[in-house]
Structures are given as structure tokens and as C-alpha cells.
There are 2 protein chains.
Amino acid sequence: MASSTVENYLKHILLLSEGTDGLVSMGALASSLAVVPGTVTTMVKALADGGLVAHRPRQGVQLTSEGRHLALTVLRKHRLVETFLVNVLKMDWAAVHDEAEQLEHAISDDVLDRLDALLGHPTADPHGDPIPSRHGKLSSQVYATLATCAAGRPVRIVRVTEQSKEFLQFAEQNGLQPGTSLSVADRNLTAGLVTLRKAAGRTVPLSLAAAGKILVEPEKQSARFRPKPEPCS
Amino acid sequence: MASSTVENYLKHILLLSEGTDGLVSMGALASSLAVVPGTVTTMVKALADGGLVAHRPRQGVQLTSEGRHLALTVLRKHRLVETFLVNVLKMDWAAVHDEAEQLEHAISDDVLDRLDALLGHPTADPHGDPIPSRHGKLSSQVYATLATCAAGRPVRIVRVTEQSKEFLQFAEQNGLQPGTSLSVADRNLTAGLVTLRKAAGRTVPLSLAAAGKILVEPEKQSARFRPKPEPCS
DNA sequence: GTTCATATTTTGATTAGTCAAAATAAATCC
DNA sequence: GGATTTATTTTGACTAATCAAAATATGAAC
């Protein structure tokens, strides 16, 4: 059984290697895990001995297939737990990340499967982050962001890629959650400001940096009245 | 924040001190925690430094009110989690103890309260073990057991005080769970054997030792048709 | 092609929790 | 009351995970 520490290292390597060639630098991993770089070097060598990662000295670290499988399981636990906390226990979506951070290391595969069934086999968590499938498939679909999509085009938010409480609370207060329909009214690159227009005509100003954290897809007519995800009964 | 290890020490001290003067011997604690006695001595001294227990060298250890409060919170988490796993996730009651053993250290007080509400503020877990109240009250009602109650008297099972998988599976297969009505048909002390008669007239043989683990109360007429606890909706 | 800045690795030390085995205190038994 | 058994404590050592700070590569700049 992998320790919580090992599970965390693998999870962070997985997240940092998303959309790259797979090699993660020691420094990036260290700051992601909030430990000093020397600690990471030591730990990564131990993980390499255990066959969970491949370590290229002075270049970076990469998951082996075994390590990737374990990391995906941890990520699946994390995101299903978040979904449970929001949909069933009605917790604030800004609070659930920290909770899930603990619970992901404590729930068994059996409980995981039962939670999955209870929730109706969701494919994304409350932030829109994709939930790895039971057999280790992780959707890596590429979306536009509010910083890059065409102005005036009706879009729907599919994902908010930021876990900090502050950002999520702000997003919630301004109705910027997966499922929300809106369009970019204006984008001022020199001022770094994006103005959004929501359904009722209400406008919301947003920094370009924040807009880049919000992923969107083109609004589909057929899904115009799609309700927000319901908690399971 | 107390570590899982500290929480476990406190929980075991609490359970071992139930119904005694409160002093728990080092040896009893060591075997309960499955560590060697020397480890317990070391750890108990650290807990005493932290104000969670009072250590009387060569005599035993006792919770302080702060330690007792923490232990009760852990026990409350354990038993509410067990209830959730059985009532909501429909897990086998023999499997939930080990799961809860992990989860009790990972769930926050906020999640605890929400689980409690979701489950309808239960007062006992699926084994009939009392759930400490939010403010630290733990029912210590004394019951008769199938080894001690009067033969022929109609009784109802209220609690099964044994967590081993094997025992719980046996009990389930023979319909010996909280809520079951039955009576002791015969008790043979020399053979160490108890024979139970269940509702449909079916009889079940049981060792005296096992019978002592099953707590009962006199059958109340008004509760004859009391249904088994329902999972929350 | 040296020099410099930066990232990485190494080294030595620390903390929490544990075990094995020796030392000590307490209780019991003629 | 001295000898023996039993529980407890002490001592020394170990593992996992970490940090601080020194040593070492690597790549960029001049």
C-alpha cells in the first residue's frame, strides 16, 4: 500500500505532466508539493527504486505505467469525493478541495466504486475537471478559455481550472460555474481586462489571467436549457 | 491537529476504559493497538506532555477531559462513517469497520455534521454501538447479553460488541443483528452452549462466549413490528 | 571558451513512530 | 522474607519524510 506521501507525489507529477511530453522538473514538483527541492530529489529516487517513476537526473521525472495507474486512481478518488461532497452533502464548491485532499488517501477501491454508482457515474467533478474512468482513461479534451474565445460568440462554461478558495468563491458569486451560458462582450489586451455578458444582460469584468482559468465550449442550441447537475437522490 | 496515531491511542484508551475506573494498563493498550509495550510507554509519555492523558507510572493511563473530548470525536466519526457506509452505500456490515478505521482520521468536523444530518442523527451504528453526541455524551446503558438473560424471555438484540469480520458474517448469516427478536431456548453451562429460538421457530446454537457478545433488551410489545433502520433517502 | 546564474543533488540533522532486548519495579508464592 | 514471575520502562537502533545549507552540473551570456 502506497503511503499518502507517495500518492501525493504521483498525483502532482500526473497533473504537472498534463499536456507536456511527460517530463516534470524537480523544481516544479517541489513548489507544487510545497517542499524544498532536495526533498523531491530524495523522494523521486525512492519512487524510481519502487518502479513508479523514471528519473532522468538533472532533467526531470516521468510516471511509469504503474505509477500513472496509481496516480489516476488517486485523482479519481479526489474528484469523485469532491462530487459527493457538493452533490450529496451540499458543501460549498470552494471548500471541497481541501477535504478531498485528505479523503482521497483514506477511501478504498470498494467505497470508490460505490460512490461512483451513487453519483451516477459522473464524468466531471463540480469544477468541471474530468474524472478518470475506472480503467484509467482521462479525458484530455482541449477547450478555449474566456481569454481566447471569439468575442460575441455564445459559449458555455465547462471547467474552472483553479482550486483556490478565493477564486472559487469569487466565481460562484459572479455565477461563473460549469453550465453557465455567456459571451465575451469585450477584450482589452493592453488593460488585461475581459468583460463578460451573462444571460440576463448583466456584465462582469474579469482579469485576463482569471479569464484564462475558465474553459468554455461553443453554446449548443439543443442544450440551452440544460439544468445544472442535480444531486443524486 | 492530532495525528492519526494520536487519535488512535486516545480512541483505544477510551474504549478500554469503558465501564472501569478509567485507568488503562499499558499492556492492554499495547495489545489493543498491536504495538509492543515499550512503544506505548513512550507514546503515552508524549501524550501526557501534550495534556491529553494522565500517566501514572507502573499503574496505567487515563484520559484528561481534553483527551476524552478528542477521543469521543474520533469515535463519533468512526460510528457515523460506519452508519453511512451501511445505510447509504449498502456495504456489508462486516466490512465497514476496517474502512471506518481509515476514514475516521480523514473527515473534517464539517463533513461529520453533514453526514450526521444526512443520516437523520442516528444514535447507534449498524452494530448497535452508541454514537457519541455532538457535544460528547456517550450512552453507557447496561444491557443483558444472550449469555445472561433469562431463558424463555422474549428479547430483542440491541448491539453486537465484536468487530471481527468472521463473527459479523456469522451473525448476519444467522440473522443475529440489532432489531432481531428471539429468546434463549436453552442454556447449557457445562457444555458452554446456548440455543436460541427465533421468530419462525428456527433454533440457532451459539457458544457461550459468542452469546456474551450479543446485548439484548426485553421485547416491548409496542415495538414488535418495529422495522429495521431504514437508509436515509 | 570562460564566467555567471540557476536548477539540481548531496550531506548532515531532525521529528514521529516503531521494535528488540536489557533493566527495573511490583506482585506473588512458598 | 527471599525468590520468582510478570508488567513496565529504558536504551539503542531503525524507517519515512522532511529541511538547511553546501556542492555540483547545466545552459546562457558575453
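Residue numbers begin at 1 in each chain, while the letters A, B, ... track the order of the sequences. What you see is a predicted model; the values in this text were computed from it and never measured.
Look at CG on Leu33(A): it is 12 Å from C1' on dA17(D), rounded to the nearest Å. Atoms CG (Leu23(B)) and P (dA26(C)) sit 15 Å apart, rounded to a whole Å. Following rounding to the nearest Å, Asp49(A) (CG) and dA17(D) (P) show an atom-to-atom distance of 13 Å. The CD atom of Glu7(B) sits 16 Å away from the P atom of dA16(C) (whole-angstrom rounding). The CD atom of Gln59(B) sits 8 Å away from the P atom of dA27(C) (whole-angstrom rounding). Protein atom NZ of Lys45(A) is 17 Å distant from nucleotide atom C1' of dT15(D), rounded to whole Å. One interatomic measurement links the two molecules: CZ of Arg56(B) to C1' of dA26(C), which rounds to 16 Å at whole-angstrom precision.
For the side-chain contact (heavy atoms from CB on, under 4.5 Å) test with Leu206(B), the passing option among Thr195(B), Asn174(B), Ile214(B) is Ile214(B); the others fail.
How far CG of Leu176(A) is from CG of Leu196(A): 6.0 Å, rounded to the nearest 0.5 Å. From His127(A), atom NE2 reaches atom CG of Leu168(A) across 4.5 Å, with rounding to the nearest 0.5 Å. Taken from CD in Gln163(B) to CG in Asp98(B), the straight-line distance is 9.5 Å, to the nearest 0.5 Å.
Heavy-atom nearest nucleotides on DNA chain D were determined for Met26(B) and for Gly38(A), and the one closer to the 5' end corresponds to Met26(B).
Within the structure, a side-chain polar atom (N or O) of His55(A) is placed less than 4.0 Å from OP1 or OP2 of dT9(C). Put simply, Tyr9(A) has a side-chain N or O that comes within less than 4.0 Å of OP1 or OP2 on dT18(D). An OP1 or OP2 oxygen of dG17(C) is reached within less than 4.0 angstrom by no side-chain nitrogen or oxygen of Thr42(B). When the side-chain nitrogen and oxygen atoms of Thr39(A) are compared with OP1 and OP2 of dC19(D), one or more of them lie within a distance under 4.0 Å. At least one side-chain nitrogen or oxygen of Thr5(B) sits closer than 4.0 Å to the OP1 or OP2 atom of dG17(C).
With hydrogens and angles disregarded, no donor-acceptor distance shorter than 3.5 Å links the side chain of Arg79(B) to the backbone of Pro132(B).
With distances taken from any side-chain atom of Pro37(A) to the nucleotides dT9(C), dC19(C), dG17(C), the minimum falls on dT9(C). For Arg58(B), counting side-chain heavy atoms from C-beta on, the closest listed nucleotide (dT26(D), dT18(C), dT24(C)) is dT24(C). Nearest to the side-chain atoms of Val6(A) among the listed nucleotides dT9(D), dA17(D), dT9(C) stands dA17(D). For Val36(B), counting side-chain heavy atoms from C-beta on, the closest listed nucleotide (dA20(C), dT18(D), dA17(D)) is dA20(C).
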